[in-house]
Visitor: 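Structure in C-alpha cells, see below.
For reference, positions follow the sequence shown, starting with 1. Owing to the predicted nature of the structure, the values given are computational and were not obtained by experimental measurement.
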Amino acid sequence: MHDDHDDTPAETLREIVLARRPALADAPWQLHERGFDSRALSIGTQLFKFPRHAAGAASLRREAAILQVIAPHLQMRVPDMVLHEEPRLHSEHRRIPGGMLTPQVYAGLPESDRQRLAEQLAGFYRDLHGIDAAPLRAAGAGPVGDWNPTKQIEAQALPLLPAALRDRAGRLLRRQAALGPDPLGQTFGFFDGHGWNMAFADDRLNGIYDFADSGFGPLHREFIYSDFISRDLTRRIVAAYEQLRGLALDRARLEAHMATLLLDELAGTLEEPERRGETLEIVLRWFAEG
C-alpha cells in the first residue's frame with residue numbers, strides 16, 4: 001500500500017499554481033482529496049493534479065503521455081493535459097464541464113437520452129480500441145491490474161454479504177475462476193468507465209477523464225465498469241458496440257467479471273473498513289438490478 005499521507009496545505013498548492021497562472025488569483029477554487037494517487041485542485045476553468053507519492057508521479061506521467069497519443073483518435077473529449085515539473089510535479093488541463101454520472105442521474109434520464117448516451121460510449125470504446133498499440137506502449141501503457149485470486153475473494157467477501165446473496169455470489173466467482181482467456185483477445189482500453197470519471201451536464205456526456213488505469217487487457221473487461229452507473233446502461237453500450245464492431249460479447253462472462261470486481265472491492269474493505277458501507281451499498285444495488 002502506498003504512503004498517501006500528503007499534508008501540504010491546500011493554500012500552498014494554490015500558491016504553486018498561481019505563481020505560474022496569476023490570472024487565476026481571483027477565481028473560485030477547491031481541493032479534491034478523493035483520488036488514490038493524486039490530490040486535485042480546481043481553480044476557475046482549470047484542474048491541477050498533484051501526486052501523493054512516487055507511484056502517483058509515475059502514474060501521472062504515464063497518463064499525460066497516453067492522452068497525447070489517444071486524443072487525436074477520439075471523438076470524445078478528454079483532458080488536454082500538460083505537465084509542470086517545477087517547483088513540484090503537477091498536471092494542468094481545462095476542466096470538462098459537467099458533474100458525475102451517478103445512478104440517480106441515470107435513473108432520471110428518458111429513454112432517448114439513455115440510448116444516445118450508450119451509443120456515444122460505444123463509439124468511444126470503438127475509437128479507443130482501434131488505436132495502434134505501438135505508440136501506446138511507447139507512451140508507457142502496460143497491462144491492466146488483475147483482481148485477487150478467486151478463492152481469496154470468496155473467503156474474504158462472502159461473509160460480508162447478506163446470507164441470502166452468498167450462494168449467488170459464490171456461483172459467479174466460480175464461473176469467473178473457470179473462464180479461459182478472453183475469446184476476443186486483448187485490447188488497449190480505458191478500463192475505468194464508471195460515472196465518477198464522466199463529465200455529464202444537461203442530459204449529455206461532455207467528456208471522460210482519469211486515464212491513469214488505462215492499459216492493455218481482456219476486451220470483455222472494458223464493458224463492466226458502467227454497471228456502477230446502471231446495468232441497463234451496460235446492456236445498451238454492449239449492444240451498440242456489437243453493432244459497430246460486428247462481433248458478439250458474452251453476457252455471462254461480463255456478469256462474472258463484474259461480480260468479481262465488486263466482491264474484490266468488498267474484500268478490500270477488511271483493510272479499509274471506512275469504505276465498507278459505501279462499497280456494500282454498491283454491491284447490493286448491482287445484485288438487485290440483475
Side-chain angles (χ1 to χ4, degrees), residues 99-126 128-129 144 147 150 153 157-158 160-162 164-176 179 182-184 189-198 200 203-205 208 210 213 217-245 247-269 275 277-290:
M100 294 183 294
L101 178 55
T102 65
Q104 295 75 23
V105 169
Y106 183 79
L109 295 179
E111 167 71 21
S112 59
D113 288 346
R114 292 185 181 196
Q115 189 60 31
R116 180 178 61 194
L117 172 64
E119 291 172 1
Q120 189 178 7
L121 286 166
F124 163 68
Y125 290 126
R126 183 268 319 275
L128 196 63
H129 298 166
V144 296
W147 303 307
T150 304
I153 298 172
L158 295 195
L160 303 179
L161 292 174
L165 283 181
R166 291 173 191 165
D167 284 347
R168 182 180 171 195
R171 288 195 298 272
L172 288 169
L173 286 172
R174 289 189 290 275
R175 183 192 298 170
Q176 171 70 26
L179 291 175
D182 194 309
L184 297 179
F190 184 37
F191 296 106
D192 211 16
H194 52 67
W196 298 302
N197 288 338
M198 297 182 184
F200 193 80
D203 298 336
R204 290 183 178 275
L205 181 60
I208 291 177
D210 197 354
D213 291 329
L219 187 139
H220 277 83
R221 275 185 55 180
E222 180 78 286
F223 297 95
I224 63 176
Y225 298 89
S226 50
D227 271 15
F228 282 108
I229 305 168
S230 169
R231 296 182 77 167
D232 173 75
L233 176 58
T234 298
R235 286 189 282 268
R236 293 171 185 266
I237 293 170
V238 167
Y241 183 85
E242 289 175 325
Q243 288 292 317
L244 290 173
R245 292 288 312 274
L247 48 74
L249 296 173
D250 182 342
R251 272 60 170 176
R253 180 179 285 265
L254 292 173
E255 185 178 43
H257 283 342
M258 187 57 182
T260 302
L261 169 62
L262 286 171
L263 294 170
D264 194 29
E265 288 287 320
L266 184 60
T269 67
R275 293 195 302 112
E278 179 184 11
T279 304
L280 184 58
E281 181 181 344
I282 292 170
V283 172
L284 295 180
R285 184 179 69 241
W286 183 81
F287 276 102
E289 287 184 352

Visitor: Is Asp192 reaching over with its side chain to a backbone N or O of Asn197, donor-acceptor style, under 3.5 angstrom?
Guide: no
Visitor: Return the CZ to CE distance between Phe223 and Met258, rounded to the nearest 0.5 Å.
Guide: 14.5 Å
Visitor: Test Leu109 against Tyr106 for side chain to side chain contact (heavy atoms under 4.5 Å, CB included), laying out the working first.
Guide: CA-CA 5 Å; Leu109 295 179; Tyr106 183 79; 3.9 Å; yes
Visitor: For a quick test of reading the model, state the closest non-hydrogen atom pair linking Thr269 to Leu160 and the distance between them.
Guide: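 Nearest heavy atoms, Thr269 then Leu160: OG1-CD1, 3.9 Å.
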Visitor: Rounded to the nearest 0.5 Å, how far apart are OG of Ser226 and OH of Tyr125?
Guide: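 Between atom OG of Ser226 and atom OH of Tyr125 there are 5.5 Å.
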Visitor: Apply the test side chain to side chain contact (heavy atoms under 4.5 Å, CB included) to residues Leu117 and Leu101: give CA-CA distance (whole Å), side-chain angles for both, the deciding distance (0.1 Å), then the verdict.
Guide: CA-CA 11 Å; Leu117 172 64; Leu101 178 55; 3.6 Å; yes
Visitor: Testing the basics here: between Thr234 and Ile224, what is the closest heavy-atom pair and its distance to 0.1 Å?
Guide: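 Minimum heavy-atom contact is OG1-O, 4.5 Å.
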Visitor: Test your reading of the model: is there a side-chain donor-acceptor pair from His220 to the backbone of Asp182, 3.5 Å cut-off?
Guide: no
Visitor: Side-chain contact test, heavy atoms from C-beta onward, threshold under 4.5 Å: evaluate it for Arg253 versus Pro183 and give yes or no.
Guide: yes
Visitor: Nearest heavy-atom pair of Asp210 and Phe190: which atoms, and what distance?
Guide: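 So the minimum-distance heavy-atom pair works out to O-CE1, 3.1 Å.
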Visitor: Could you walk me through whether Leu161 and Leu280 pass side chain to side chain contact (heavy atoms under 4.5 Å, CB included), step by step?
Guide: CA-CA 8 Å; Leu161 292 174; Leu280 184 58; 4.2 Å; yes
Visitor: Quick one: does Arg245's side chain have a donor or acceptor within less than 3.5 Å of a partner on Gln243's backbone?
Guide: no
Visitor: Let me confirm one number: the CG-OG1 distance from Leu172 to Thr150, rounded to the nearest 0.5 Å.
Guide: 11.5 Å
Visitor: Crowded around Glu242 CD? As in, over 12 foreign heavy atoms under 6.0 Å?
Guide: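 Atom CD in Glu242 is crowded, with more than 12 foreign heavy atoms closer than 6.0 Å.
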Visitor: With a 3.5 Å distance limit and no angle check, can you tell me whether Thr279 reaches the backbone of Glu265 through a side-chain donor-acceptor pair?
Guide: no
Visitor: How close do Ala157 and Leu266 get, heavy atom to heavy atom, and via which atoms?
Guide: O-CD2, 3.9 Å
Visitor: Check the pair Ile282, Leu262 against side chain to side chain contact (heavy atoms under 4.5 Å, CB included), reporting the backbone distance first and the verdict last.
Guide: CA-CA 8 Å; Ile282 292 170; Leu262 286 171; 3.9 Å; yes
Visitor: Between CD of Glu255 and OG1 of Thr260, what distance do you get to the nearest 0.5 Å?
Guide: 10.0 Å
Visitor: Is there side-chain contact between Leu158 and Leu173, with at least one heavy-atom pair below 4.5 Å?
Guide: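 Of all side-chain heavy-atom pairs linking Leu173 with Leu158, at least one is under 4.5 Å.
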Visitor: For Ala169 and Leu263, work out which heavy atoms get closest and say how close.
Guide: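 Heavy-atom minimum between the residues: CB-CD1, 3.9 Å.
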Visitor: Is a donor on one side and an acceptor on the other found under 3.5 Å between the side chain of Arg221 and the backbone of Gly189?
Guide: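 Not at all, since once roles are kept as given, no pair shorter than 3.5 Å links the two residues.
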Visitor: Are the side chain of Arg204 and the backbone N or O of Asp113 linked by a donor-acceptor pair below 3.5 Å?
Guide: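 Pair absent, no side-chain N/O of Arg204 close to backbone of Asp113.
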Visitor: State, to 0.1 Å, how close Ala118 and Ala240 come at their nearest heavy-atom pair, and which atoms those are.
Guide: O-CB, 4.4 Å
Visitor: Classify the ring geometry of Tyr225 against Phe191: parallel below 30°, tilted from 30° to 60°, perpendicular beyond 60°.
Guide: perpendicular
Visitor: With side-chain hydrogen bond (donor to acceptor under 3.5 Å, both in side chains) as the test, pick out the partner of Tyr241 among His129, Arg126, Glu119.
Guide: His129
Visitor: Count the heavy atoms belonging to other residues, nucleotides or ligands that lie under 6.0 Å from CZ of Arg168, then report whether that count exceeds 12.
Guide: yes
Visitor: Working to the nearest 0.5 Å, report the span between CG of Asp227 and CG of Leu261.
Guide: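 Going from the CG atom of Asp227 to the CG atom of Leu261 covers 9.5 Å.
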Visitor: May I ask you to decide whether Asp167 forms a salt bridge with Arg171, counting only side-chain N to carboxylate O separations under 4.0 Å?
Guide: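 Not counted as a salt bridge, because no side-chain N and carboxylate O are separated by less than 4.0 Å.
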Visitor: Does a side-chain heavy-atom distance below 4.5 Å link Ile153 with Gln176?
Guide: no
Visitor: For the side chain of Arg285 and the backbone of Phe228, is there at least one donor-acceptor N/O pair under 3.5 Å apart?
Guide: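 The answer is yes, because a donor-acceptor pair under 3.5 Å joins these two groups.
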Visitor: Without swapping roles, check the side chain of Gln120 against the backbone of Leu205 for a donor-acceptor pair under 3.5 Å.
Guide: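 Yes, because the side chain of Gln120 sits within donor-acceptor range (under 3.5 Å) of the backbone of Leu205.
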Visitor: Indicate yes or no: does Arg236 engage Glu111 in a salt bridge with an N to O separation below 4.0 Å.
Guide: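 Counted as a salt bridge, because a side-chain N and a carboxylate O are separated by less than 4.0 Å.
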Visitor: At what distance, to the nearest 0.5 angstrom, does CG of Asp232 lie from CD of Gln115?
Guide: 9.0 Å
